[in-house]
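Order of listing sets the numbers, starting from 1, for every ligand and every atom in it. Atoms considered below: every heavy atom in the structure, side chains included; atoms not considered: hydrogens, waters and symmetry mates. Predicted model only: the values in this text are computed from it and were never measured.
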Amino acid sequence: MQKYGLVIHGGAGVILRNEMSPELEAQYRARLAEALAAGYTVLDRGGTALEAVTATINVMEDSPLFNAGKGAVLNADGICELDASIMNGRTLEAGAVAGVHHIKNPINLARDVMQKSAHVMLAGKGAEVFAQSLGYEMMPESYFKTEFRAKQLEKAKELEQTHGAKSASLMQERVTFTTVDDNYLIQQFKWGTVGCAALDQHGNLAAGTSTGGMTNKKFGRVGDSPIIGAGTYANNATCAVSATGWGEFFIRASVAHDISAQMEYQGKSVRDAAAATIAKVGKLGGDGGVIAIDAQGHIAMEFNSPGMYRAYHLAGQPAVVAIYGDEAKQ
Ligand code: ASP
């Protein structure tokens, strides 16, 4: 019988037991389990990997807990600026959107770019004009904004004043803060991106990623998430991958394609390839993680940050949800 299943992430970063309340932890675990179940149900009834990826990511985009869709981080202008991408491992078709402000589920628009346009990536206003031409509802900016993200932006701006532009957007984990609350706000600045990699009963792979990017981002900054080969990649011959982490490094290391390439050219297992790529990111000075599944249903969940919100469900096995570094890695 063809194996099938999926693996998901809700962002990697400084996620520590002693800084997480039991209530918040329970909320994360519940939402991850719900997202996983949404995708698994699709696969279980014979649906496609692509459908499973969008169904899973939609749950996390609609939850304010994650940095995607509703509850995404705010850019320097105080609005959510969303990126997403998706790839079909069977056809190597791909779609992506960057810098959209009014799309409830950016992963769906990325899928429509792939399936209904002649392009792979649409950015900004043009992407939204394309969405309108397909009848998408334009959500008000207020739909996406949460109080938590507003506080975070305030902190980021304060930090920018006291420690300079780089500290606010990039170097925050190297600065020590005085209160646990401040620490928590700061550590969540750029984490919480969501992603999914799935293998369906037809033997096809797909992957997708959706994010708000990094708090206080400016100048139209785009990270790895909407970039095919960096944040997302899928190829039936190798694997499906979604990444999360410090996007600048993930772009430079071509993370998602690098994992696939090691499998294709060197015959590595998905887990060895993912571990080698994350080690490369670490050498460059970046942090974060990836989830991946290969065409035989082997998975990888590799990260060099203290934690990564993650979960997987393979046919015939129980679903597994994990958050901290000392929990299930496979
Ligand atoms: N990789 C995303 C970005 O740099 C952020 C994240 O994964 O949380 O935009």
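Close approach of ligand 1 to G192 (heavy-atom distance below 4.0 Å) involves ligand atoms 8 (O). Annotation for ligand 1: atoms under 4.0 Å from non-hydrogen atoms of T193 are 2 (C), 5 (C), 6 (C), 7 (O), 8 (O). Near T244, meaning under 4.0 Å from one of its heavy atoms, ligand 1 places the atoms 6 (C), 7 (O), 8 (O).
At least one heavy atom of S225 sits closer than 4.0 Å to an atom of ligand 1. Heavy-atom separations between G11 and ligand 1 are all 4.0 Å or longer. Heavy-atom distances between K217 and ligand 1 stay at or above 4.0 Å for every pair.
Considering backbone and side-chain atoms together, N67 places no N or O closer than 3.5 Å to any N or O of ligand 1. In terms of N/O distances under 3.5 Å, ligand 1 is approached by D224. Close N/O approach between W246 and ligand 1 is not found [any backbone or side-chain N/O within under 3.5 Å]. Taking distance alone, with nitrogen or oxygen atoms compared against 3.5 Å, G213 stays at or beyond that limit from ligand 1. Distances between N or O atoms of A243 and those of ligand 1 include no value under 3.5 Å.
By the 4.0 Å N-to-carboxylate-O rule, R271 lies close enough to E302 to be salt-bridged with it. Of the charged side-chain nitrogens involved, none lies within less than 4.0 Å of a carboxylate oxygen, so that E128 and K125 do not count as a salt-bridged pair. Ionic pairing of R221 and E248 is present here: one or more N-O contacts between side-chain nitrogen and carboxylate oxygen are shorter than 4.0 angstrom. Salt bridge status for K151 with E154: absent, with no side-chain N to carboxylate O gap under 4.0 Å.
Classified by interplanar angle (parallel below 30°, tilted 30° to 60°, perpendicular above 60°), the ring pair Y40/H313 is parallel.
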Could you check S225 against T209 for side chain to side chain donor-acceptor pair (under 3.5 Å), going step by step and ending with a plain yes or no? CA-CA 6 Å; S225 307; T209 310; 5.9 Å; no
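Here ring pair (Phe, Tyr, Trp, His ring centres under 6.0 Å) pairs that include residues 212-241, with residues two or more places apart or in two chains, are Y233-H257.
In this comparison of G223, G245, A98, the heavy atom closest to atom 2 (C) of ligand 1 sits on G245.
Between the side chain of N235 and the backbone N or O of A237 there is at least one donor-acceptor pair closer than 3.5 Å.
Contacts between R221 and ligand 1, counted as non-hydrogen atom pairs separated by less than 4.0 Å, involve the side chain only.
For Q201, the side-chain contact (heavy atoms from CB on, under 4.5 Å) partners are Y4, not counting sequence neighbours.
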